[in-house]
> 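The structure under discussion is supplied below as structure tokens; questions concerning it will follow.
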Amino acid sequence: MTDTGADPLYERLKGFEGRPNTTAGRGKDPVNAPMIRHWCEAMGDAHPAYAGPDAVAPPTMLQAWTMGGLSGHSDGSSAYDEMSALLDEAGYTSIVATDCEQEYLRPLRPGDVITFDSVIESVSPRKTTKLGTGHFVTTRMDVRANGELAGTHRFRVLKYAPAAKKPKPAAKRPRPVVNRDNAGFWDGVADHRLLIQRCTACAALRFPWLPGCNVCGGQDWDTVEASGDGVVYSYVVMHHPPFPAFDPPYAVGLIELAEGVRMIANVVGVPYDKVRIGMPVRLEFRRYDEELELPVFRALDGLSGGEG
Ligand code: ZN
């Protein structure tokens, strides 16, 4: 949409319309077979017109012959730079290429010497797009081969102030996957009981919950309720990657329960950088949202511990 109302900036931008941007630019190389071949390979274009003794350049290479490469063209600051600076100052600091149109008047052949001129053709009134509010700027470049107009290249950008991002609704923690092998554990959590599986054949405790005993292979089990005492057996501090619903940095502990099994859980009640191996912790249940409650471990002695 086009904004209405006075726009003094637009009046100044209009002053750039028709101003030359590049005058008598010169292609760094004449049209040549190696660049044509590389282009065709990159594009996957095997058209026979672009190879052999009578090759022409693919028409869409038009702009390629004018490009300055890494070292650029040493033509100093241009009307385009001046106009960009004006837009930057007005807060239109972002840029996105929107479209390109080319017109071909004659084929380019190896050996053709390329010269070009470009001009700021038009600047749009202020427009608001999904990206933000700004001005479309169209540049036209006339490309000549051996002095003869061979084609024109129009390039349009939107120079804009980004739209304010809508705040996202607070992300929720991922849900645990509850299945028939671990449902008993989550039933326990719902009752604020941390249940450990116990093999009824050999009495080995196991965690996390599994369908069989990894000591004797027994299929039958019952549970024991963890006392809730434990120590930090190991831990990591997560900085990256950021996951929705998590606020890095935070400590993830491998907690060794008094019963001997280990489980992964958040360590709370202590700054992330004060978590230490050997630190005593105590089970509690923390509610994260209306559906999710998880066992976490609170540091009992927040500011000292195993590693000092
Ligand atoms: Zn067993």
Side-chain angles (χ1 to χ4, degrees), residues 169-308:
K172 287 184 174 179
R173 282 216 175 200
R175 308 290 101 171
V177 176
V178 181
N179 56 40
R180 66 180 177 183
D181 291 331
N182 68 12
F185 171 76
W186 292 105
D187 290 343
V189 169
D191 294 338
H192 289 191
R193 300 168 72 216
L194 186 64
L195 298 179
I196 302 166
Q197 273 180 310
R198 177 173 56 194
C199 173
T200 49
C202 75
L205 299 179
R206 63 179 187 260
F207 194 94
W209 282 40
L210 291 166
C213 174
N214 50 23
V215 176
C216 76
Q219 301 282 307
D220 297 320
W221 51 268
D222 59 8
T223 59
V224 294
E225 183 179 350
S227 67
D229 292 323
V231 296
V232 175
Y233 181 81
S234 187
Y235 66 95
V236 292
V237 174
M238 288 292 293
H239 293 266
H240 198 81
F243 294 105
F246 292 84
D247 185 21
Y250 54 91
V252 180
L254 178 61
I255 308 300
E256 185 163 279
L257 301 180
E259 291 74 16
V261 297
R262 295 176 194 149
M263 68 177 290
I264 292 168
N266 284 115
V267 180
V268 303
V270 62
Y272 70 89
D273 58 352
K274 298 291 189 219
V275 175
R276 292 292 180 268
I277 288 171
M279 176 178 268
V281 290
R282 172 81 198 163
L283 172 70
E284 63 183 47
F285 290 87
R286 177 173 281 196
R287 179 160 288 285
Y288 287 93
D289 56 55
E290 64 279 7
E291 293 162 346
L292 185 66
E293 206 169 10
L294 293 175
V296 298
F297 288 85
R298 178 168 295 276
L300 293 181
D301 181 10
L303 300 173
S304 63
E307 291 179 359

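Whatever order the structure lists ligands and atoms in, that order sets their numbers, starting from 1. Computed over heavy atoms, backbone and side chain alike; hydrogens, waters and symmetry mates excluded.
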> Give every residue pair that meets the salt bridge (charged side-chain N to carboxylate O under 4.0 Å, His left out) criterion with at least one member in residues 192-202, sequence neighbours excluded.
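Sorted result for residues 192-202: R193-E225, R198-D222.
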> Can you label the angle between the F285 ring and the H192 ring as parallel, tilted or perpendicular, going by 30° and 60°?
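Aromatic pair F285/H192 classed parallel.
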> Which count of protein N, O or S atoms is obtained for distances strictly below 2.8 Å from the Zn ion (ligand 1)?
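Count of protein N, O, S atoms less than 2.8 Å from the Zn ion (ligand 1): 4.
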> Do the side chains of Y233 and L254 get nearer than 4.5 Å, heavy atoms only?
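Of all side-chain heavy-atom pairs linking Y233 with L254, at least one is under 4.5 Å.
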> Taking the side chain from D289 and the backbone from A171, do they hold a donor-acceptor pair closer than 3.5 Å?
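No; judged by distance alone, with no hydrogens or angles, the pair does not exist.
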> Among V261, D229, V231, V232, which one satisfies side chain to side chain contact (heavy atoms under 4.5 Å, CB included) with E256?
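Exactly one pass, corresponding to V231.
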> Could you tell me if the side chain of V189 sits less than 4.5 Å from the side chain of L294, heavy atoms only?
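They are not in side-chain contact.
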